[in-house]
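Structure first, commentary second.
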Amino acid sequence: MTKGSQMEDNFTTFAKSYDELFDNDMYQAWAQYVKALTKPSPLLDLGGGAGRLAVLLEQAGYQVDLLDLSPNMLQLAQAHAQQAGVDLRLIEGDMRDFSDWPTQYPIITSFADSLNYLPNLDDLEDAFQQVFDHLMPSGLFLFDVITPYQVNVGYDNYCYNNDDNPENIFMWTSFPGENENSVDHDLKFFTYNEELDAFNLLREVHHEQSYEQAVYCELLQKVGFNQIEISADFGQTVPNSQTTRWFFKASKGDTK
């Protein structure tokens, strides 16, 4: 389930550390957003990572398949599912091309910046096309993306240090990317090595790309979506010029 040169696995060295750092309240909010718009049914979560959202939705009665590029994240998803006592079907694949996966779904989701990690517009269009093809007629695609405002203002000279755990220190610094409305995140974990009495440095650079709202709408319409709604604050408010995250609800009509 790959497309030519596979998109880079962005979590090769510290998937577990990243998973432990992420705000669990966000997963609760994403789960509530999905539950407010849908009823429990089969669901595909694209870029579902360590499976924390998938577990919450399974517990709410959904039957969740999770697709992610990172085998490290999928291992964590399996562990979280076992710990919660739920079953997840885990798929290692590229959201730009999983055409060999035959199942269609009434709901497909993608949250937590997953679509912002796609390198360019062609890749985003490919992902949208795959979603359309894997949705049942009248199915729903629910996703979010960070906005150009978040990229250019929220991440301007952004720096975050977490030293609450002196044996696992995290540093996050963001810089403007080469392309318009893009950002590069320099992520470093300093993990204490008892045998060496020193710290090991784990470092990755993550690239995120955003586009103007009209671009997302044009691509969704191009692949066949005929009803598109956009909101902010997990569907609670209308977006404005300072919205940091857009929430999209795109419906697939009976015909393309």
query = Do side-chain atoms of N193 reach the backbone of L196 as a donor and acceptor pair under 3.5 angstrom?
reply = yes
ask   = So, E204 and H206: side-chain donor and acceptor under 3.5 Å apart, yes or no?
value = yes
Backbone of N152 reached by a side-chain donor or acceptor of D156 within 3.5 Å = no
ask   = CG of L88 to CD1 of I91: how many Å apart, nearest 0.5 Å?
value = 10.5 Å
ask   = Cationic tip of K222 within the cone over F128's six-membered ring, i.e. under 6.0 Å and within 45° of the normal?
value = no
inquiry  = Just so I know, are the side chains of H185 and T173 near enough to count as touching, which here means a heavy-atom distance under 4.5 Å?
reply    = no
message = If you define the side chain from C-beta out and look only at heavy atoms, does anything of I169 sit under 4.5 Å from N161?
response = no
message = For the CG atom of D45 and the OG1 atom of T109, what is their distance to the nearest 0.5 Å?
response = 3.5 Å
request  = Report yes or no: do V183 and W172 belong to one cluster of Ile/Leu/Val/Met/Phe/Trp/Tyr joined by side chain heavy-atom distances under 4.5 Å?
outcome  = yes
query = In terms of ring plane angle, is the pair F132 and F225 parallel, tilted or perpendicular, where the classes change at 30° and 60°?
reply = perpendicular
ask   = Does the side chain of N181 come under 3.5 Å of the side chain of S210 through a donor N or O and an acceptor N or O?
value = no
query = Roughly how far, to the nearest 0.5 Å, is NE2 of H134 from CE of M95?
reply = 13.0 Å
query = Once the angle between the rings of F111 and W30 is folded into 0 to 90°, is it parallel (under 30°), tilted (30 to 60°) or perpendicular (over 60°)?
reply = parallel
Short N-O contact, R245 and D113, less than 4.0 angstrom = yes
ask   = Sequence neighbours excluded, which residues qualify as side-chain contact (heavy atoms from CB on, under 4.5 Å) partners of P42?
value = Q63, Y105, P106
key: Within-4.5 Å side-chain heavy-atom neighbours: I230 and C217   = yes
Point-to-point distance, once rounded to the nearest 0.5 Å, from CG of L124 to CD of Q129 = 12.0 Å
task = Quick one: do I108 and K252 satisfy side-chain contact (heavy atoms from CB on, under 4.5 Å)? Show the steps, please.
result = CA-CA 11 Å; I108 296 179; K252 176 180 179 177; over 6 Å; no
key: D68-S70 side chain donor-acceptor pair, cut-off 3.5 Å   = no
request  = Give the intermediate values and the outcome of side-chain contact (heavy atoms from CB on, under 4.5 Å) for residues E92 and L69.
outcome  = CA-CA 5 Å; E92 183 179 341; L69 185 64; over 6 Å; no
inquiry  = Would you say the rings of Y117 and H207 are close, in the sense that their centroids are separated by under 6.0 Å?
reply    = no
note = Taking every heavy atom of N226 against every heavy atom of G253, the minimum-distance pair comes out as ND2-CA, 3.3 Å
ask   = Does a side-chain N-to-carboxylate-O contact under 4.0 Å join D126 and R96?
value = no
query = So do F141 and L135 actually touch side chain to side chain, heavy atoms under 4.5 Å?
reply = yes
query = Does any non-hydrogen side-chain atom of D144 lie less than 4.5 Å from one of W246?
reply = no
query = Are any of the side-chain heavy atoms of S41 and I107 separated by less than 4.5 Å?
reply = yes
key: Shortest non-hydrogen separation from A54 to L66 and the atoms involved   = CB-CD1, 3.9 Å
ask   = Which heavy atom of L115 sits nearest a heavy atom of A127, and at what distance?
value = CD2-CB, 4.3 Å
message = Is a donor from one side chain sitting under 3.5 angstrom from an acceptor on the other, for W101 and S99?
response = no
ask   = Between Q227 (side chain) and A250 (backbone), is there a donor-acceptor pair under 3.5 Å?
value = no
task = Search all heavy atoms of F248 against all heavy atoms of Q213 and return the closest pair with its distance.
result = CZ-CG, 4.4 Å
request  = Using ring pair (Phe, Tyr, Trp, His ring centres under 6.0 Å) as the criterion, list what pairs up with F175, not counting sequence neighbours.
outcome  = none
query = What is the distance from atom CD of Q83 to atom CD of Q78, rounded to the nearest 0.5 Å?
reply = 12.0 Å
inquiry  = Can you list everything that forms a side-chain contact (heavy atoms from CB on, under 4.5 Å) with N240? Sequence neighbours excluded, please.
reply    = Q242, T243
ask   = Would Y216 and I228 show up in the same hydrophobic cluster when neighbours are defined by side-chain heavy atoms closer than 4.5 Å?
value = yes
task = Quick one: sort the Y158 and Y160 rings into parallel, tilted or perpendicular, breaks at 30° and 60°.
result = parallel
task = State whether the number of non-hydrogen atoms from other residues, nucleotides or ligands found under 6.0 Å of N200 atom CG is greater than 12.
result = yes
message = Tell me whether Q209 contacts the main-chain N or O of N120 through its side chain, where contact means a donor paired with an acceptor under 3.5 Å.
response = no
inquiry  = If hydrophobic clusters are built by linking Ile, Leu, Val, Met, Phe, Trp and Tyr wherever their side-chain heavy atoms come under 4.5 Å apart, do L57 and M136 end up in the same one?
reply    = no
query = Is the centre of the F234 ring less than 6.0 Å from the centre of the Y33 ring?
reply = no
task = Provide the closest heavy-atom pair for N116 versus I146 in the form atom of the first, atom of the second, distance.
result = OD1-N, 2.9 Å
query = Do Y62 and K35 come close enough that some side-chain heavy atom pair is under 4.5 Å?
reply = yes
inquiry  = For a 4.5 angstrom cut-off between non-hydrogen side-chain atoms, does L187 reach V205?
reply    = no
ask   = Is the closest basic N to carboxylate O distance between K188 and D186 below 4.0 Å?
value = yes
request  = Dump the intermediate steps for side-chain contact (heavy atoms from CB on, under 4.5 Å) on V64 and V86, then the final yes or no.
outcome  = CA-CA 10 Å; V64 183; V86 299; over 6 Å; no
task = To the nearest 0.5 Å, tell me how far Q236 CD sits from F247 CZ.
result = 9.5 Å
ask   = Any donor and acceptor pair, going by atom type alone, linking the side chain of S114 with main-chain N or O of S110 inside 3.5 Å?
value = no
Residue pair L37 / L140: nearest heavy atoms and the distance that separates them = O-CD1, 4.0 Å
